[in-house]
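Remember, it's a predicted structure, so these values are computed and weren't measured experimentally. As the structure lists them, so they are numbered: ligands from 1, and atoms in each ligand from 1.
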Amino acid sequence: MKREVIIACDFPSKTELYDFLKPFEKESLKPFLKIGMELFYREGPSIVSELKSKGAKIFLDLKLHDIPNTVGNAMKNIGRLGVEITNLHAAGGIDMMKAARKGLDEGAAAVKVKSPILLAITQLTSIDDEALKKELLINVALKDTVIHYAKNAKTAGCDGVVCSALEVSEMNKLGLIGLTPGIRLEGDNTNDQKRLATPVFAKQAGSTYIVVGRSITHAKNTVEAYKKCVKDFE
Ligand code: C5P
């Protein structure tokens with residue numbers, strides 16, 4: 001599968017998003033975009049249709065987690081949007097992930113588009129071993145839950161997982177692709193991220209996709225920062 005850089009469009013509304021995209025359009029660049037909850041809950045599904053009509057590839061990062069029937073029906077609607085990638089929480093269980101896969105496939109088939117790549121979140125990076133034990137009463141190592149949830153995701157028909165560059169080779173061994181956030185170009189501000197990787201490291205580790213937010217969106221020259229990520233990773 002082709003390696004691709006995805007820009008995390010963490011903007012409050014489409015005004016800021018379109019301002020950000022202007023210099024890319026000037027250079028006829030069509031970057032792969034991640035639309036998350038912040039923008040989606042403000043603008044609704046029309047933001048996805050608008051970007052798709054301009055030829056953008058979309059990773060719709062909504063991290064679904066509910067009973068199988070609800071997630072299946074929600075994924076049917078996501079499948080109809082024609083996005084390239086979407087995701088859910090593996091913590092919802094195998095039946096929920098199976099319903100999601102089925103819903104996506106049915107929704108995409110209804111409008112004759114390709115069914116999206118489905119990725120599972122194993123454990124959020126905000127959860128550590130202490131929170132797992134004290135808050136969630138799960139008495140096994142975090143790393144073991146990550147592997148176990150990834151196996152469940154594979155069983156349910158997911159294509160891959162969202163994971164750090166440090167975990168991706170283990171995921172590849174399970175037959176899953178890895179999408180890796182927490183990417184910084186050499187010398188950039190680390191902000192609130194703790195376990196960071198450069199595009200070069202993620203490539204060597206075996207990531208198929210990297211998600212880059214502030215290293216591009218907060219750069220002095222956003223297009224150059226994007227091109228550097230592409231050069232290093234793709
Ligand atoms: O600005 P930055 O590159 O840190 O943004 C990373 C993006 O990836 C954000 O949209 C964030 O929500 C997302 N993400 C992450 N870590 C995860 C999962 C998603 O940073 N484990």
Quiz item: Between F11 and F20, how do the two ring planes meet: parallel, tilted or perpendicular, split at 30° and 60°?
Solution: tilted

Self-check item: Residue and atom name of the nearest protein heavy atom (relative to atom 9 (C) of ligand 1), distance in Å to one decimal
Solution: D10 OD2, 3.3 Å

Practice problem: Test the K154-Y149 pair against the cation-pi criterion, namely NZ or CZ under 6.0 angstrom from the six-membered ring centroid and within 45° of the ring axis. | Solution: no

Exercise. Measure from atom 5 (O) of ligand 1 to every heavy atom in G213, S215, C9 and give the option owning the shortest one.
Key: G213

Quiz item: Among protein heavy atoms, which lies nearest atom 13 (C) of ligand 1, and at what distance?
Solution: K34 NZ, 4.0 Å

Exercise. Identify, by atom number and element, the atoms of ligand 1 in contact range of A8, meaning under 4.0 Å from any of its heavy atoms.
Key: 7 (C), 10 (O)

Quiz item: Can you tell me the protein heavy atom closest to atom 6 (C) of ligand 1 and the distance?
Solution: Q193 NE2, 3.8 Å

Quiz item: Between R184 and ligand 1, is there a nitrogen or oxygen pair with a distance under 3.5 Å?
Solution: yes

Quiz item: Does E84 pair with K52 as a salt bridge, N-O distance under 4.0 Å?
Solution: yes

Quiz item: Hey, which atoms in ligand 1 end up nearer than 4.0 Å to a heavy atom of R214?
Solution: 1 (O), 2 (P), 3 (O), 4 (O)

Quiz item: Do the side-chain N and O atoms of E25 and S28 include a donor-acceptor pair separated by under 3.5 angstrom?
Solution: no

Self-check item: Closest approach of any protein heavy atom to atom 19 (C) of ligand 1, naming residue and atom
Solution: P181 CG, 3.8 Å

Quiz item: If you measure every N/O of D192 against every N/O of ligand 1, is any gap under 3.5 Å?
Solution: no

Practice problem: May I ask you to decide whether K227 forms a salt bridge with E27, counting only side-chain N to carboxylate O separations under 4.0 Å? | Solution: yes

Quiz item: Does any N/O atom on T125 come nearer than 3.5 Å to any N/O atom on ligand 1?
Solution: yes

Quiz item: Mind checking whether F24 and Y226 have ring centres under 6.0 Å apart?
Solution: yes

Self-check item: Cationic N near anionic O, under 4.0 Å, K102 to E106
Solution: yes

Quiz prompt | Heteroatom distance test (V211, ligand 1): nitrogen or oxygen, under 3.5 angstrom | solution = no

Quiz prompt | Pairing of D192 and R214 as salt bridge, 4.0 angstrom limit | solution = yes

